[in-house]
Amino acid sequence: QYAFASCDKLKSINLGKVVTIGDYAFQEAIALESIDLSSAETVGKYAFVDSNVLSNVILNPNGTDLAEGAFAYCEALKTVSNLNAAKNLGNYAFAYTALTEADLSAAETLGDYVFMKEELTPFKVTLGEAITSLGDNPFAMCKLEPFCKTEASEFNGTAMENKIYTYDVSESVKVIDGSLYCATANGLELIVYAGIEHSDIKVADGTVRITGYAFACSDAQMVTLPYTVASIGHKAFFGCKDLQMVVFTSYKAPILEEEFDPGYYYNIEALAD
């Protein structure tokens, strides 16, 4: 842990045989431009946080577990080789990086806000059948195309491709009307809205929770929530400039979740001055 933290002159290091990277091992290694982690099985919490010129990372082709914030705030990080083999990605693992796509074919779990952006950014996602668990919107502030799969068909002897917007990604992860849901013991959670409908969105029946940032900065205009919704996550509708109405069909009002943001305190203090 902290082995090379704040080594601000460190430009290169051979980690080709290293299996474990400890927590904060390269925190603020601000001269490190690329890193080969092709033998690493685990990368610890905030291992490379704030290494802000790091642009290229090679992960283990056999799979890597990435802990919370492993590459958070690596603002120049554009290329991550073998990301398609990574299995478990912790909260904020690639938050505030320059990545614009993620092949998560082998991913089993995604934590909260894994690929979160500072501002709305086009992003391409591929999910595989191994996925079992999703935290609060791993793609917060990522502008996603509706999730879909393509099925081949034939009509009058002509080969055709049909896009399917409702299907099971895995046993617990589902796409419904182009948006991503996860099944829990209590019911569905809406992970991220990426749907094909904008003017009259109906959240799927049986949904019990809207995750944090689920609709953030989307073009949603009207949203109807089923009576089963019991809670709405932090900033679920943040930045929805086109949103005109949210219809609650439940008898009891859902819990509105919140997270403490010290910025609120300082803003209030400034206003008071």
Side-chain angles (χ1 to χ4, degrees), residues 1-13 15 18 20-37 40 42-60 64-83 86 88-104 107 109-125 134-144 192 211-213 216-217 233-235 238-239 259-267:
Q1 296 182 5
Y2 296 93
F4 297 95
S6 300
C7 290
D8 56 7
K9 300 291 192 297
L10 182 65
K11 292 185 176 181
S12 64
I13 185 169
L15 298 174
V18 175
T20 302
I21 308 294
D23 297 348
Y24 300 93
F26 293 89
Q27 176 189 12
E28 296 180 349
I30 59 175
L32 196 62
E33 295 182 2
S34 64
I35 202 78
D36 183 350
L37 302 175
T42 59
V43 178
K45 292 181 180 179
Y46 299 97
F48 293 89
V49 67
D50 286 324
S51 296
N52 53 21
V53 300
L54 183 65
S55 62
N56 179 54
V57 172
I58 301 174
L59 296 178
N60 190 330
T64 312
D65 286 341
L66 303 170
E68 179 173 324
F71 294 96
Y73 293 99
C74 292
E75 298 171 354
L77 184 57
K78 293 182 177 180
T79 305
V80 179
S81 300
N82 301 321
L83 180 59
N88 300 293
L89 288 75
N91 301 342
Y92 300 96
F94 290 99
Y96 309 115
T97 66
L99 290 175
T100 57
E101 61 180 315
D103 183 345
L104 304 170
T109 65
L110 297 177
D112 300 342
Y113 315 127
V114 177
F115 296 96
M116 189 172 192
K117 301 294 183 184
E118 188 71 37
E119 58 186 31
L120 194 63
T121 304
F123 200 84
K124 181 180 179 181
V125 177
L134 295 168
D136 278 17
N137 192 355
F139 314 106
M141 302 296 287
C142 294
K143 185 175 177 60
L144 304 176
V192 54
T211 67
Y213 285 88
C217 288
H234 177 67
K235 292 186 176 179
F238 171 78
E259 294 179 3
F260 174 69
D261 183 344
Y264 297 160
Y265 171 78
Y266 294 118
N267 288 338

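Atoms CD1 and CG, on Ile21 and Leu15 in that order, are 5.0 Å from each other to the nearest 0.5 Å. Residue Lys78 holds its NZ atom at 8.0 Å from OG of Ser55, rounded to the nearest 0.5 Å. Distance check, rounded to the nearest 0.5 Å: CG of Leu32 to CG of Asp8 gives 12.0 Å. One distance of note links CG of Asp112 with OH of Tyr213; it measures 11.5 Å at 0.5 Å rounding. Atom CG of Asp136 sits about 13.5 Å away from atom NZ of Lys235, to the nearest 0.5 Å. Separating the CD1 atom in Ile58 from the CG atom in Asp36 is a distance of 4.5 Å, to the nearest 0.5 Å.
Under the side chain to side chain contact (heavy atoms under 4.5 Å, CB included) test applied with Phe115, the options Thr100, Leu104, Asn137 reduce to a single match, Leu104.
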Show your reasoning for whether side chain to side chain contact (heavy atoms under 4.5 Å, CB included) applies to Thr64 and Leu37.
CA-CA 9 Å; Thr64 312; Leu37 302 175; over 6 Å; no

I'd like to know whether Asn88 forms a side chain to side chain donor-acceptor pair (under 3.5 Å) with Thr109, so could you lay out the CA-CA distance, the side-chain angles of the two residues, the decisive distance to 0.1 Å, and finally the verdict.
CA-CA 5 Å; Asn88 300 293; Thr109 65; 2.7 Å; yes

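The side-chain hydrogen bond (donor to acceptor under 3.5 Å, both in side chains) search around Asn82 returns none, not counting sequence neighbours.
Proximity of Leu89 to Leu83: side-chain heavy atoms (C-beta onward) are separated by under 4.5 Å at one or more points. Counting heavy atoms from C-beta on, the side chains of Val57 and Phe94 never come closer than 4.5 Å. Between Leu59 and Leu66, the closest side-chain pair of non-hydrogen atoms falls below 4.5 Å. Looking at Leu99 and Val80, their side chains come closer than 4.5 Å, going by heavy atoms from C-beta outward.
For the pair Gly44 and Ala67, the tightest heavy-atom approach, listed with the atom from each and the gap, is C-CB, 3.5 Å. In terms of heavy-atom proximity, Ala5 sits nearest to Tyr24 at CB-O, 3.5 Å. A pairwise comparison of heavy atoms in Phe123 and Leu144 identifies O-CD2, 3.4 Å as the closest pair. Pro138 and Gly135 make their closest contact through CD-O, 3.6 Å (heavy atoms, listed as atom of the first residue, atom of the second, distance). The shortest heavy-atom contact between Ala31 and Lys9 is CB-C, 4.0 Å.
Although no hydrogens or angles enter the test, the distance criterion places a donor-acceptor pair under 3.5 Å between the side chain of Ser51 and the main chain of Phe26. Counting only distance, with no hydrogens or angles, the side chain of Lys117 and the backbone of Thr97 share a donor-acceptor pair below 3.5 Å. For the pair Asp23 (side chain) and Lys45 (backbone), a donor-acceptor distance under 3.5 Å is present.
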Please output the side-chain donor-acceptor pairs of residues 68-75 that fall under 3.5 Å, not counting sequence neighbours, one pair per line with the distance.
unit_1	atom_1	unit_2	atom_2	d
Glu68	OE2	Tyr46	OH	2.7

